Amino acid sequence: MAAAYNHKVVEKKWRGNWEAHPINVNDGKKPKYYCLDMFPYPSGNGLHVGHWRGYVISDVWSRYKMMHGYYVIHPMGWDAFGLPAENYAIKNGVHPRISTQENVTNIKRQIQDISAVYDWDMEVNTTDPSFYKWTQWIFVQMFNKGLAYEKEMPINWCPSCKTGLANEEVVNGCCERCHSEVTKKNLKQWMLKITAYADRLLEDLNKLDWPEKVKKMQSDWIGRSYGAEVDFKVEGKEKSITVYTTRPDTLHGATFMVLAPEHALAKELATQETQKDVEDYIYRASTRSNIDRMQDKEKTGVFTGSYAVNPLNGKKVPIWLSDYVLADYGTGAIMCVPAHDDRDFEFAKKFHLPIIQVIAKDGKEIENMEVAYTEAAGTMINSGDWNGMESAVLKKEAPAIIEKMGVGKKKVNYKLRDWVFSRQRYWGEPIPIIHCDDCGCVAVPEDQLPVLLPDVARYEPTGTGESPLAAIDEWVNTTCPKCGKPAKRETNTMPQWAGSSWYFLRYVDNKNDKQLVSPQRANQYLPVDMYIGGVEHAVLHLLYSRFYTKFLNDIGAVDFDEPFTKLFNQGMITGKNGVKMSKSMGNVVSPDDLIEDYGCDALRMYELFVGPPEMDAEWDDRGIDGVRRFLTRFYNLVSDSAEKNIVPTDELIKIRNKMVYDITARIDNFSLNTVVSGFMEYTNKLLDIAKNIGGIDKDTCNVIVTLLAPFAPHMAEELWEILGHKKSIFIENSWPTYDEEAMKDDTVEIAVQVNGKVKGKVTIAVDASKDLAMEQAKAVLGDKCPNNIVKEIYVPGKIINIVGK
RNA sequence: GCGGAUGUGGCGGAAUGGCAGACGCAGCAGACUCAAAAUCUGCCGGUGGUGACAUCGUGCGGGUUCAAGUCCCGCCAUCCGCACCA
C-alpha cells in the first residue's frame with residue numbers, strides 16, 4: 001500500500017519543479033497557440049472562486065494544447081488604471097500607486113496558487129510608464145490621422161465618479177461602475193472616431209468564432225440602418241429641416257414633424273403665441289435625466305406654431321417638439337407617419353393629429369385604426385404617383401427616387417457614437433496633447449513619450465469638469481513643441497479601457513522600448529487563438545480592442561485586423577440563490593482556504609465540475625468533497641497498481657481506449673464538467689476490475705494519468721514519477737490516442753419496447769440481424785408480446801420496438 | 001415593448017430523436033471501530049403493492065413520430081441584453 005496522498009507536500013514539490021524546469025518552452029519549431037485570459041483589475045478584495053473559474057478553464061485548455069505539441073502563449077498582467085483603483089485609494093487614504101502595487105502583489109500570489117502555466121516573463125502592467133508610453137503613442141497616431149479630436153458637447157456625466165463617461169459605460173441610465181444616475185454635462189472632450197470603423201466592425205464579426213450572443217450585442221450596438229434624408233421646407237422661412245427616415249416609402253403619409261427639443265432650429269420655429277410654451281418645454285427637457293425620460297409612459301410635446309411642406313405632395317405639416325426624438329441620432333428631426341409607426345401613432349392620438357394610411361393592409365384601408373401598421377408589406381395607397389407599388393420594393397427604391405427628385409438623399413446611419421475618451425480623473429494615462437494659443441492642439445512628440453503621470457498630493461476628483469492634474473501648475477505649464485511658446489498640457493486622462501484595448505499585443509514583446517510590439521513578433525504570435533473571460537465586456541473592451549486592432553492594422557503596425565479569433569465566455573459563479581458574490585452581501589468564497597484544505601488540484605476540478613462552463617453556477621463548498629474523494633481513489637488506484645505487474649486484460653484495454661476517446665471528445669466540446677464526471681465513471685469501473693485482479697496494468701496507468709494531467713497537474717506529475725518516469729509528464733508525454741478497433745464492443749444490451757414502453761432487455765451481437773434480434777426480443781417478452789404485430793422496429797445497438805394493436 | 005438564454009429528483013447536474021435522472025452532494029441503513037472521523041457496501045423521483053411489478057413523471061397546453069427532456073406550434077416563469085435609434 002502506497003503512502004496516503006498529501007496534497008500540501010506534493011503540490012509544493014511540483015510547483016518548485018516547474019519553476020526550476022519550465023514545461024511550456026518555445027523551441028522555435030512548435031506551432032504557436034495563444035490562449036489569453038481577460039487580465040484582472042487588481043482589486044483590494046482579492047480573487048474569489050468565480051475569478052478562478054475562467055483561469056482554470058484557460059489553463060486546462062492551455063495544457064491540453066501543450067500536450068498536442070503547441071508552444072502555448074499564456075500570459076497574465078494587470079489592468080491597473082481606472083476608477084476603482086482611485087476610488088479605493090481615496091476611501092482608504094492611500095496613494096493609488098501604492099495601493100495598486102499592494103493589490104497586484106496579493107492577486108499575483110492568488111493567481112500563482114492556480115498553478116497555471118502562465119509565462120511571467122511576459123507580465124505587463126498598464127500603469128507602468130514603459131507600457132503606457134505606447135498607450136499614449138497609439139493616441140498620438142490616432143490624433144495624426146484625425147481619429148482623435150476635441151469637441152465640446154453634452155456628454156454623459158457621472159456625478160458620483162465626477163467624470164464623463166462613454167456611451168458604452170452607461171447602463172440603463174446609470175454609471176457602469178457605481179450605478180449612480182448619469183446626467184448630462186457640457187464639456188470639451190477628446191473623442192475617438194470609432195464610427196469611422198463602424199462598417200468594418202460590423203462586417204468582420206462574420207470572421208469571428210465568437211458566441212452568437214456577443215456578436216449580436218455588438219451588431220445591435222453598432223446599429224446600422226439604411227434609409228434616406230429628406231428635406232422639408234419650412235413654410236414662410238428660407239429654411240429647411242432635414243429628417244432621417246428608414247421608411248421613405250411612407251413619405252406621403254407624413255402628417256407632422258417632430259424635432260428634438262435640443263434641435264438648433266427649435267427656438268426659432270416658435271411663433272409669438274407659442275414662444276412661452278416652446279421655451280418652457282425646451283427648458284424642462286434639458287433638466288430631465290435619462291432615467292426620467294426612459295420611464296415616461298406617455299408622450300409629451302409642444303407645437304412650435306410653424307409648418308413644413310411635404311416635398312412630395314406639397315401638404316402643410318405642423319412642426320412639433322418632443323423629447324422622444326433624440327438630438328444626437330440622425331438629424332435630430334423626424335417626419336411622422338402615424339399610420340405606420342407605433343411612436344408616431346401614439347403621439348398623433350394624444351395630440352389629435354391626422355393619420356393617413358399609405359400601405360394597404362390585406363389589400364384594404366383599415367377602419368378605426370387602433371394600432372399602427374408597421375409592416376412594409378402591401379400595396380401603396382394615398383401616395384400619388386406611388387399608388388399601386390409594393391411597399392417592400394418601394395422601401396428599397398425610394399431613397400434613389402427621392403435623390404433623383406432633388407428633395408433628399410440616401411443615408412446610412414449608426415447607433416454607434418464616437419468614443420468619449422476624456423476622464424476628469426487622476427489615475428489614468430495623461431492624454432499626450434499640448435494646447436498652444438497659436439498652434440492649437442499639438443501632440444507630444446514621440447521622443448518625449450511617455451508623458452508621466454505626476455505625483456500629486458490631492459488626487460480626489462474636483463467635480464468641476466477639470467481633472468486634479470489641472471491644479472499642478474508646474475506640470476501643466478510647458479512649451480509648445482511646434483513654436484516653443486508657453487503652452488499648457490491637456491489635463492484629462494484616458495479611460496480605463498485605453499490600456500486594455502491593446503495589452504494582448506504587448507505580452508509577446510513586453511520589453512521592447514522602440515516599438516509597442518515588433519511587427520515580426522506580433523505577426524508570429526497573434527492573433528489570439530482563444531480568449532476566455534466574462535460576457536460583461538461584450539460592447540466595451542471587446543469592441544474597443546477590435547477598433548484598436550483595426551487601426552493598428554491600418555497604420556501597418558500589425559498584419560491582422562481582428563485581435564481574438566475565438567472567444568469563450570465562462571458563466572458567473574454566484575453565491576446561494578444566484579446572488580452575485582460581493583463583499584457587501586458577505587457571500588464571497590475565497591480560494592485560499594479551499595486550497596489549504598483540499599489542494600489546488602481538487603479546487604481546479606471542482607471549478608469545472610460545478611456546471612457547464614458557459615453557464616452561471618451556484619457555489620456550494622460541499623461539492624468539493626466529492627472531487628477530493630475521487631482524486632484520492634484515483635491516486636490509490638494508480639500508485640497501488642504501479643508496484644504490481646498486472647497483465648492487461650481485454651476489458652482493461654477496452655476501457656482504456658474508450659476513456660481516451662470519451663475524455664478527448666468532451667474536452668474538444670468544451671464540456672469540461674462532464675470530463676470530470678467521466679473521470680469518475682471510468683475510475684469507478686477500473687476500481688471494480690482492480691478489486692478482482694489486484695490492480696490495473698501499467699499502460700492503462702500511464703494513459704489515465706496523462707488524461708488527468710491538464711486538470712490535476714500536480715497529482716499527475718507525482719503519479720507519473722511513481723510510474724517510473726524521469727521527466728515531467730508535460731515534456732515526456734503527449735496526448736494519448738485511442739484504437740477504434742480495441743474499444744469496440746461485441747455484444748450490447750438493448751431495451752425491448754412494446755408500443756414504445758420498455759418491457760425487457762436482450763443482450764445480442766452489435767451487428768445482429770433483424771430476424772435474430774426480433775426472435776430474441778419475442779423470447780424475452782413471452783406473453784407480453786402483442787398478438788397482432790403492426791410494425792417491428794430494430795435499430796442495431798439502440799432499440800427494439802414492437803408495435804401491436 | 002424588442003431580442004436572447006434557461007426551466008429535469010431534496011440539491012448541482014447527465015442524456016448524436018432510442019432504457020430519463022449518468023456522475024457528484026446531501027440523506028438513510030450496514031461493515032470496520034470501545035467510540036468518532038476517515039474508508040468501504042447497499043438504498044435513495046412520486047403513487048400503489050410484502051414482492052416480482054404496475055402506473056405517473058423532464059415548466060404548461062397542443063402536434064409530428066414506432067419512439068420526444070430532445071423536433072414543430074402556442075403559452076407561463078426566471079435571468080440577461082437593448083430600450084423611443086424614426
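Quantities reported herein were computed from a predicted structural model and do not represent experimental measurements. The analysis underlying the following values was restricted to heavy atoms, covering all of them including side chains, and did not include hydrogens, waters or symmetry mates. Within every chain, numbering begins at 1; the chains are lettered A, B, ... in the order of the sequence lines, protein sequences first and strands thereafter.
- Only the P atoms considered, B:G13 is 30 Å distant from B:A83, to the nearest whole Å.
- Checking the phosphate oxygens (OP1, OP2) of B:G18, no side-chain nitrogen or oxygen of A:Lys798 falls inside 4.0 Å.
- A:Tyr5 has its side chain within reach of A:Asp601: a pair of non-hydrogen atoms, C-beta onward, lies under 4.5 Å apart.
- A:Val795 comes within 4.0 angstrom of a nucleotide base, judged by non-hydrogen atoms across all strands.
- Under the 4.5 Å side-chain criterion, counting only non-hydrogen atoms from C-beta, A:Pro318 is in contact with A:Leu353.
- Here A:Thr674 does not reach the OP1 or OP2 of B:A22: none of its side-chain N or O atoms lies under 4.0 Å away.
- Of the C1' atoms belonging to B:C19 and B:G57, the separation is 15 Å, rounded to the nearest Å.
- Checking side-chain atoms of A:His340 against main-chain N and O of A:Ile359 turns up a donor-acceptor pair under 3.5 Å.
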How far apart are the C-alpha atoms of A:Trp221 and A:Tyr414, what are their side-chain angles, what is the distance that settles it, and do they pass the ring pair (Phe, Tyr, Trp, His ring centres under 6.0 Å) test?
CA-CA 9 Å; A:Trp221 191 260; A:Tyr414 303 89; over 10 Å; no

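- Using a 4.0 Å heavy-atom criterion, one finds that A:Thr632 contacts no nucleic acid atom at all.
- Proximity note for A:Phe609 (side chain, C-beta onward) versus B:A86, B:G12, B:C66: the nearest is B:G12.
- Comparing atom distances between the A:Asp341 side chain and each of B:C25, B:A83, B:A86 picks out B:A86 as nearest.
- Looking only at side-chain heavy atoms (C-beta outward), A:Leu251 and A:Met335 come within less than 4.5 Å of each other.
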Protein-proximity profile, nucleotides 40-49 of chain B, B/S/- by nucleotide at the 4.0 Å heavy-atom cutoff, equals SS--------

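- Both tests pass for A:Lys685 against the ring of A:Tyr682: distance under 6.0 Å to the centre and angle within 45° of the axis.
- Annotation: of the two residues near RNA chain B, A:Gly332 and A:Arg666, the 5′-most nearest-nucleotide partner is A:Arg666.
- If you take CG of A:Asn755 and P of B:U55, they are 12 Å apart, rounded to a whole angstrom.
- Side-chain atoms of A:Thr245 lie closest to B:A86 of the nucleotides B:U55, B:A86, B:C19.
- Nearest nucleotide to the A:Arg622 side chain, out of B:C25, B:C82, B:A86: B:C25.
- Considering only the side chain of A:Val171, B:C82 comes nearest among B:C82, B:U55, B:C80.
- Sequence order on RNA chain B of the closest nucleotides to A:Tyr606 and A:Gly797 puts A:Tyr606 first from the 5' end.
- Without hydrogens or angle criteria, A:Asn587 side chain to A:Ser582 main chain gives a donor-acceptor distance under 3.5 Å.
- Separating the CG atom of A:Leu540 from the C1' atom of B:C82 is a distance of 14 Å, rounded to the nearest angstrom.
- Of the possible polar contacts, none joining the A:Tyr244 side chain to the A:Val230 backbone as a donor-acceptor pair under 3.5 Å is found.
- Using modelled atom types, no side-chain atom of A:Glu792 and backbone atom of A:Asn801 make a donor-acceptor pair closer than 3.5 Å.
- Minimum atom distance to the side chain of A:Trp221 is reached by B:C82, of the listed B:C82, B:G18, B:A22.
- Minimum atom distance to the side chain of A:Ile799 is reached by B:G18, of the listed B:C23, B:A54, B:G18.
- Counting to the nearest Å, the C1' atom of B:A86 and the NZ atom of A:Lys299 are 11 Å from each other.
- Nucleic acid contact class of A:Glu792 (heavy atoms, under 4.0 Å, all strands): none.
- When distances are taken from the side chain of A:Met680 to each of B:A54, B:G24, B:A22, the shortest belongs to B:G24.
- Of the side-chain N and O atoms in A:Tyr324, none sit less than 4.0 angstrom from OP1 or OP2 of B:A86.
- Taking the ring centre of A:Tyr794 as origin, the terminal cationic atom of A:Lys770 falls outside the region bounded by 6.0 Å and 45° from the ring axis.
- Separation of the P atoms belonging to B:A22 and B:G30 is 24 Å when rounded to the nearest angstrom.
- Nucleotide B:G24 holds its C1' atom 15 Å from the CG atom of A:Asp621, rounded to whole Å.
- Rounded to a whole Å, the CG atom of A:Asn172 is 10 Å from the P atom of B:C84.
- When all heavy atoms of A:Ala348 and A:Ile355 are compared, the closest pair comes out as CB-CG1, 4.1 Å.
- One C1' atom belongs to B:G45, the other to B:U8, and the distance between them is 11 Å to the nearest Å.
- Summarising the geometry, the separation between CG on A:Asp220 and P on B:C2 is reported as 15 Å, rounded to the nearest angstrom.
- B:U6 and B:A86: their C1' atoms are spaced 33 Å apart (whole Å).
- Within the nucleic acid shown, A:Asp620 has no heavy atom closer than 4.0 Å to any nucleic acid atom.
- Nearest nucleotide to the side chain of A:Met217, out of B:A26, B:C19, B:G81: B:G81.
- With the 3.5 Å cutoff on both pairing distances, Watson-Crick and G-U pairs in RNA chain B assemble into runs of at least 3 at B:1-7 with B:76-82, B:10-12 with B:23-25, B:27-31 with B:39-43, B:45-48 with B:53-56, B:59-63 with B:71-75.
- Checking the phosphate oxygens (OP1, OP2) of B:C56, a side-chain nitrogen or oxygen of A:Lys757 falls inside 4.0 Å.
- A:Gln753 comes within 4.0 angstrom of a nucleotide base, judged by non-hydrogen atoms across all strands.
- A 4.5 Å side-chain heavy-atom check between A:Tyr635 and A:Leu708 finds every atom pair outside the cut-off.
- Aromatic ring centres of A:Trp320 and A:Phe256 lie farther apart than the 6.0 Å criterion allows.
- Contact between the side-chain N/O atoms of A:Asn684 and the OP1/OP2 oxygens of B:C23 is not found at any separation under 4.0 Å.
- For the P atom pair drawn from B:C32 and B:A37, the interatomic distance equals 15 Å after rounding to whole Å.
- Atom P of B:C72 sits at a distance of 34 Å from the matching atom of B:G24, rounded to the whole Å.
- Base orientation of B:G13: anti, since the glycosidic angle falls outside 90° of 0.
- Note on A:Asp342: nothing from the nucleic acid sits closer than 4.0 angstrom, heavy atoms only.
- Nucleotides B:U16 and B:U70, compared at atom P, are 13 Å apart to the nearest Å.
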